[in-house]
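As the structure is a computational prediction, the values presented were derived from the model and not from experiment. For the single chain, residues carry numbers from 1 onward in sequence order.
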Amino acid sequence: MSEVQKATVHNHTELPARPDLIRLIIGIFGIGSSGPLIALSAMPVPTLIFWRNLGGSLMTLPFALRHKLDRTGVKWAVLAGIVLAVHFVGFFLSMRMTSVTAGTAIVATQPIFAAFFVKLTGGHIPTKAWLGMLISFTGVVVVTGIDLQLDRRSFLGDLAALISGALAAAYMLIGSRAQQTLATTSYTTICYFVCAMTALPMALLSGYDIVGFALREWWILLGLIIGAQILGHTMFNMTLKRVSPAVVSMIVFFEVPVAAIVSLVFDIGKQPTLSIIPGVILILLGCILVVLRTRPESAMTEQ
């Protein structure tokens, strides 16, 4: 890796260049379809994770065969796949236990965890960005507190979403490390396959079916593979070679309004109560402040 590439990877406050920004925008709409489709599906959670990731791995495999593998990169990709599987368990459960709006909003706290992990690993996060993170966390407390008062199931769904957000941030950081020596298609093929193989025994040991579902379920699955997995996760992974995982995690929060609009328009899943709206707004406002406060100081002084 060249010195320029290293500087880019370790600059955790630089916003993406236009090509990567376009990829991230596509990724937002791709991953924004995930929550509503999961809420629509009746497949068991581990089964849905297995097929979604196996399908994603097979789609990127032909492109991965063009590249050589690096042993260190493969190890990081395997770890990313395991973390991704556990993240999906939390996310899928949250989509079915609480509202799509509340669940995706809480998962969107991913930037807070990403910034925290970056800080732990020696990266720089501007002090002002932590104000936005505090506001977002306050929003999480508001949403989970209201859901706890409403019913225990929604509250547990909120907790699953919060754990899922932390795991998503870890997955981004690990993926960034893996792609320092692996091509993106090689990384996604390995990562998605390991994720699928991690979910398969979960499904089998829990006694869930792997096949035998109605045609409707397979169409929903196809939508998840193409939308959330390929146009969502894979687009985000493509940017990790040049963009800090902290910044990619910050961009992901735009998934919240996309998922909320889709679920409301098509009346998908459990609908949120109006009382959680202030909490959701706080989460989004905090994430916006994080994004704005993480502009490069050099760029700000040049203006």
Side-chain angles (χ1 to χ4, degrees), residues 1 5-16 20-21 23-24 27-28 31 53 56 70-91 106-126 129-130 132-133 136-137 161-195 198 228-229 232-255 286-287 290-291 293-294 296:
M1 182 182 296
Q5 287 175 309
K6 289 180 181 178
T8 302
V9 169
H10 293 288
N11 187 344
H12 301 287
T13 62
E14 186 172 359
L15 294 183
D20 282 325
L21 192 58
R23 294 185 183 98
L24 288 169
I28 289 165
I31 206 169
N53 283 274
D70 171 80
R71 182 176 297 180
T72 302
V74 169
K75 290 179 180 178
W76 283 112
V78 170
L79 178 60
I82 296 171
V83 172
L84 181 61
V86 184
H87 154 72
F88 275 143
V89 170
F91 182 64
I106 294 173
V107 172
T109 55
Q110 176 181 337
I112 299 177
F113 292 106
F116 182 68
F117 294 154
V118 164
K119 189 72 174 178
L120 286 180
T121 54
H124 172 67
I125 301 296
W130 295 101
M133 297 177 198
S136 285
F137 184 73
L162 189 62
I163 295 171
S164 178
L167 290 169
Y171 159 67
M172 286 287 184
L173 266 71
I174 297 169
S176 177
R177 184 70 63 89
Q179 290 184 82
Q180 290 180 21
T181 55
L182 285 181
T184 299
T185 51
S186 299
Y187 164 69
T188 54
T189 298
I190 297 169
C191 176
Y192 297 164
F193 180 76
V194 170
C195 180
T198 303
Q229 202 69 19
H233 277 266
T234 302
M235 283 294 173
F236 288 140
N237 283 322
M238 288 178 67
T239 67
L240 286 174
K241 277 186 172 293
R242 296 162 298 275
V243 184
S244 165
V247 174
V248 175
S249 295
M250 291 168 196
I251 301 295
V252 171
F253 85 88
F254 286 105
E255 162 195 4
C287 289
V290 170
V291 173
R293 294 300 186 185
T294 51

Would a distance-only check, ignoring hydrogens and angles, find a side-chain to backbone donor-acceptor pair under 3.5 Å from T188 to T184?
yes

Taking atom OH of Y192 and atom CG of L84, what is their separation to the nearest 0.5 Å?
7.5 Å

Judged by atom type as modelled, is there a donor-acceptor pair below 3.5 Å linking the side chain of H87 to the main-chain atoms of L167?
no

Side chain proximity check, L24 to M235, heavy atoms < 4.5 angstrom:
no

Taking side chain as C-beta onward, heavy atoms only, is W76 less than 4.5 Å from L182?
no

For a quick check under 3.5 Å, do D20 and T239 share a side-chain donor-acceptor pair by atom type?
no

Kindly compute the distance separating CD1 (I106) from OG (S164), expressed to the nearest 0.5 Å.
10.5 Å

Could you check if a side-chain atom of F236 sits within less than 4.5 angstrom of a side-chain atom of I28, using non-hydrogen atoms only?
yes

If you take all heavy atoms of G73 and A178, which pair is closest and at what distance?
O-CB, 3.8 Å

Atom of V83, atom of A170 and distance for their closest heavy-atom approach:
CG1-CB, 4.3 Å

Mind checking ring pair (Phe, Tyr, Trp, His ring centres under 6.0 Å) for Y171 and listing every partner two or more places apart, or none if nothing turns up?
H233

Can you confirm whether the side chains of T234 and Q229 place a donor and an acceptor under 3.5 Å from each other?
no

Students often mix this up, so state it plainly: with edges at 30° and 60°, are the rings of F113 and F117 parallel, tilted or perpendicular?
tilted

Once rounded to the nearest 0.5 Å, what's the spacing between atom SG of C195 and atom CD1 of I190?
14.0 Å

Might you work through the side chain to side chain contact (heavy atoms under 4.5 Å, CB included) test for N237 and Y187, ending with a clear yes or no?
CA-CA 9 Å; N237 283 322; Y187 164 69; 3.5 Å; yes

